[in-house]
Amino acid sequence: LGAALTAVLVPRARRRREWDAHWAAAQDQVSWLRREVIPTLERAVSPGEATGAWGLASSRVSRIEEDLARLGTNAPDDEQGTRARSLRDAVRTARQSVEDLLRSGDSAALRGGLRLVSTELEAALDRSGANR
């Protein structure tokens, strides 16, 4: 009985630890987006400069979305899956908002919109348990 339990519980615990590590890394990536990318875009002198900066970050943001989608699918329980999908949705919304703001070409709208994006990402991180 002990061997059977070990055979079941040890791999399950290992998968949980691996998922937890990937979850923490994904939260760190979302935090990077909020702490580094959004402020860089806000400091841009022009919408063109912000567009260039976003071009450098956008593929990484897409990978964050993909990672969070995988985490939502492979979560160890429903609660974690919901948290991962919720954070993925926040990143997707942020990405779409940034792209819409950049397309507008309006500097004032860009700065105001980016502040809102940052606030929403911070709230999503808080809900995810990242507390960053």
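For the numbers below, each heavy atom of this structure counts, side chains included, while hydrogens, waters and symmetry mates do not. Residues: numbered from 1 along the sequence shown.
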Rounded at 0.5 Å granularity, tell me how far [atom1] in [X] sits from [atom2] in [Y].
X	Y	atom1	atom2	answer
R17	R15	CZ	CZ	11.0 Å
E120	R34	CD	CZ	13.0 Å
T51	L110	OG1	CG	7.5 Å
L114	T119	CG	OG1	10.5 Å

When you compare the side chain of P39 with that of R35, does any pair of heavy atoms fall below 4.5 Å?
no

With a 4.5 Å limit on heavy-atom distance, are the side chains of L68 and L71 in contact?
yes

Looking only at non-hydrogen atoms, find the nearest pair between [X] and [Y] and report the distance.
X	Y	result
W19	P76	CD2-CD, 3.4 Å
A53	T40	CB-CG2, 4.2 Å
A75	Q80	CB-C, 3.8 Å
S58	G55	OG-O, 3.6 Å
A44	A50	CB-N, 3.5 Å
W23	A84	CZ3-CA, 3.5 Å

For L101, does its backbone N or O pair with a side-chain atom of S104 as donor and acceptor, under 3.5 Å?
yes

Can you name the residues that form a salt bridge (charged side-chain N to carboxylate O under 4.0 Å, His left out) with D20, not counting sequence neighbours?
R16

Start with the C-alpha gap between I38 and V98, add the side-chain angles, then the distance that decides, and say whether side chain to side chain contact (heavy atoms under 4.5 Å, CB included) holds.
CA-CA 9 Å; I38 300 302; V98 168; 4.0 Å; yes

Just do the side chain to side chain contact (heavy atoms under 4.5 Å, CB included) check on D67 and R70 with the steps written out, would you?
CA-CA 5 Å; D67 291 345; R70 267 191 303 282; 2.4 Å; yes

Assess whether atom CG of D78 is packed by more than 12 heavy atoms of other residues, nucleotides or ligands within 6.0 Å.
no

Tell me which donor-acceptor pairs under 3.5 Å the side chains of residues 87-94 have, and how far apart each pair is, sequence neighbours excluded?
| residue | atom | partner | partner atom | Å |
| --- | --- | --- | --- | --- |
| R92 | NE | E65 | OE1 | 3.2 |
| T93 | OG1 | D89 | O | 2.9 |

Pairs involving residues 99-114, ordered by first then second residue, that meet salt bridge (Lys or Arg N to Asp or Glu O under 4.0 Å) (sequence neighbours left out)
R95-E99, D100-R103

Run the side chain to side chain contact (heavy atoms under 4.5 Å, CB included) test on V37 and W54 for me, step by step, so that the C-alpha distance in whole Å, both residues' side-chain angles and the decisive distance to 0.1 Å come before the verdict.
CA-CA 8 Å; V37 175; W54 179 249; 3.9 Å; yes

